[in-house]
There are 2 protein chains.
Amino acid sequence: MIERAKIRLFVDESLREGQTIPLERDKAHYLFGVMRQAVGDRVALFNGRDGEWTAEVTLAGKRNGVLTCLGQAAPQLDPPDLWLMFAPIKKARTDFIVEKAAEMGASRIVPVLTEFTNSERVRVDRLQAHAVEAAEQCGGTFVPEVAEPEKLDRLLDGWDGARRLMFCDEALAGENKPLSGAAGAPWAILIGPEGGFSDAERKRLHGMESAVSVSLGPRILRADTAAVAAMTLWQSALGDW
Amino acid sequence: MIERAKIRLFVDESLREGQTIPLERDKAHYLFGVMRQAVGDRVALFNGRDGEWTAEVTLAGKRNGVLTCLGQAAPQLDPPDLWLMFAPIKKARTDFIVEKAAEMGASRIVPVLTEFTNSERVRVDRLQAHAVEAAEQCGGTFVPEVAEPEKLDRLLDGWDGARRLMFCDEALAGENKPLSGAAGAPWAILIGPEGGFSDAERKRLHGMESAVSVSLGPRILRADTAAVAAMTLWQSALGDW
């Protein structure tokens, strides 16, 4: 395969040899203005489906440009079927959670409104852009979809019992049983808000047959730390690490 | 034990029943100005040695104040003997790493200068203040010490062979062997800079008898994500989770 380029861009187009990718204003500005690329320089492209391709700058203007695909540089790497569900918190921390989910290999990011969720305003388009940026930076070829926020109760009402739920319970102490399950089975991780889950929510989650409670240690973790820790436990036991 | 208070402060003084803690200007402003506490309100105190104590505000001035210890609310919880060593990166990300180390239960935080470390300016006092703040927020009773930055080569020259080294190698692919070792044995986790380790550094680390190489999955993690992921693997296998 062709050598991988350092600058990475997510694009919508299909990627194949000779395919040309027109660049609109923002990307042209970034590539030619900020990153000082010129005709003949190489850029890595991915679209979430076709792996990573190395492309050459074939036109570099101030407000537009064209890239031409040379060859595939890395195969498509899809993450396991793992959702990260979390209660939105302060803006910067929510951004971090989305970034971490993309880096750690979640397939879908679901903002969940719980009883104690403080921040109910979630701009899905902004978070989706963050997921794209994180995938560009971490060398991934997949971008997790950021779902519309949903209330926890409604989400659990329609829960598909085949999807196991790893419920990170900050009230739980003691050692975890090793996570186990069939290879490739669908899972979701649920991280609570800063105030934790309500008693009613906790009771409902503990009563679900598909749910597994997991402790994240004797210290209270911030939600973004908890998200990385939970995804680490899952990926190292059942995922693609 | 007495009920735990929500507002938590790290102090230097020894904590015992009836002990009075004078507050200087900054803490008085935070407690009485920002957090609107008054005489009779309760605050949690810890000093890294005596567990958590509940104290009462007995004097609340504009520029000073006094807290009086009522009783112990939680025992001292020391983390395992785990160092987190990392190559400093951009300021905000370095702050995050220190915060995460305190939350996840590292006992010592060591900034390490590697061949590819970009940022060599580390303000230890500022990072130490961050570690205190993180301990206040995460309900911990211990504050990890932030060490002076040291060059990796010099650190390895004087390495104590009894301390195992978990070396997070981004060039490593494939499954990890389970981490194992004697309970309570000293360990250190080493996280590289964004550019990774140099070939010479990697060779030296692979050649160390006390070192164990660990993969953090097929995607490239940012240093702050890698720090949480590595501490999760260690804490869940050998630590206090």
Side-chain angles (χ1 to χ4, degrees), chain A residues 4 6 8 74-75 77-80 92-93 96-97 99-106 133-142 144 170 172-179 194-195 214-237 239-241, chain B residues 4 6 8 74-75 77-80 92-93 96-97 99-106 133-142 144 170 172-179 194-195 214-237 239-241:
Chain A
R4 295 180 76 163
K6 281 193 180 159
R8 307 182 81 246
L77 176 70
D78 287 331
R93 299 267 168 189
F96 261 101
I97 291 181
E99 173 190 303
K100 267 69 188 117
E103 282 179 44
M104 296 289 299
E133 207 182 305
E136 286 175 344
Q137 296 245 359
C138 79
T141 48
F142 180 88
E170 77 283 0
L172 198 73
E175 214 160 316
N176 292 317
K177 283 176 231 154
L179 280 174
E194 276 177 42
V214 166
S215 155
L216 298 177
R219 285 155 294 265
I220 300 164
L221 304 185
R222 284 177 193 263
D224 54 327
T225 315
V228 177
M231 287 188 285
T232 303
L233 290 181
W234 191 91
Q235 285 284 23
S236 63
D240 64 6
W241 283 29
Chain B
R4 296 180 75 164
K6 281 192 180 159
R8 308 183 81 246
L77 176 70
D78 287 332
R93 299 267 169 190
F96 260 101
I97 290 182
E99 173 190 302
K100 267 65 189 120
E103 282 178 45
M104 296 289 299
E133 206 183 305
E136 287 174 344
Q137 297 243 359
C138 79
T141 48
F142 180 89
E170 75 284 344
L172 199 73
E175 214 161 315
N176 293 317
K177 283 175 231 153
L179 279 174
E194 277 179 42
V214 166
S215 156
L216 298 177
R219 285 155 293 266
I220 299 163
L221 303 185
R222 285 179 193 261
D224 54 327
T225 315
V228 177
M231 287 187 286
T232 302
L233 289 181
W234 192 89
Q235 284 285 22
S236 63
D240 65 5
W241 282 27

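So you know, we letter chains A, B, ... as the sequences are listed, proteins then strands, and number each from 1. The model shown is predicted, which means the values in this text are computed figures rather than measured ones.
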Trainee: Checking heavy atoms, do the side chain of A:Thr225, its backbone, both or neither come under 4.5 Å from chain B?
Mentor: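 Both parts, backbone and side chain.
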Trainee: For a quick test of reading the model, state the closest non-hydrogen atom pair linking B:Arg219 to A:Gln235 and the distance between them.
Mentor: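 Shortest heavy-atom contact: NH2-NE2, 3.5 Å.
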Trainee: With side chains defined as the heavy atoms from C-beta onward, is the minimum distance between A:Met231 and B:Thr232 less than 4.5 Å?
Mentor: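 No, every pair of side-chain atoms sits at 4.5 Å or beyond.
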Trainee: Check whether any side-chain heavy atom of A:Lys100 sits under 4.5 Å from a side-chain heavy atom of B:Asp224, and report yes or no.
Mentor: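 A:Lys100 vs B:Asp224: side chains touch.
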Trainee: What residue in A:Gly239, A:Gly105, A:Ala135, A:Ala134 has the most heavy-atom pairs under 4.5 Å with chain B?
Mentor: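 Among the listed options, the one with the most contacts to chain B is A:Gly105.
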Trainee: Looking at B:Gly139, B:Pro218, B:Gly140, which has the largest count of heavy-atom pairs under 4.5 Å with chain A?
Mentor: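 Result: the option with the highest number of such pairs is B:Pro218.
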Trainee: What are the two closest non-hydrogen atoms of A:Trp241 and B:Ser215, and how far apart are they?
Mentor: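 Residues A:Trp241 and B:Ser215, closest heavy atoms: CE3-O, 4.2 Å.
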Trainee: Which bit of A:Leu221 is near chain B, if near means a heavy-atom gap under 4.5 Å: side chain, backbone, both or neither?
Mentor: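 Contact with chain B involves both backbone and side-chain atoms of A:Leu221.
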Trainee: Any side-chain heavy-atom pair from B:Ile220 and A:Gln137 closer than 4.5 angstrom?
Mentor: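 B:Ile220 vs A:Gln137: side chains apart.
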Trainee: A:Ala102 versus chain B, heavy atoms under 4.5 Å apart: side chain, backbone, both or neither?
Mentor: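 For A:Ala102, the backbone is the part near chain B, not the side chain.
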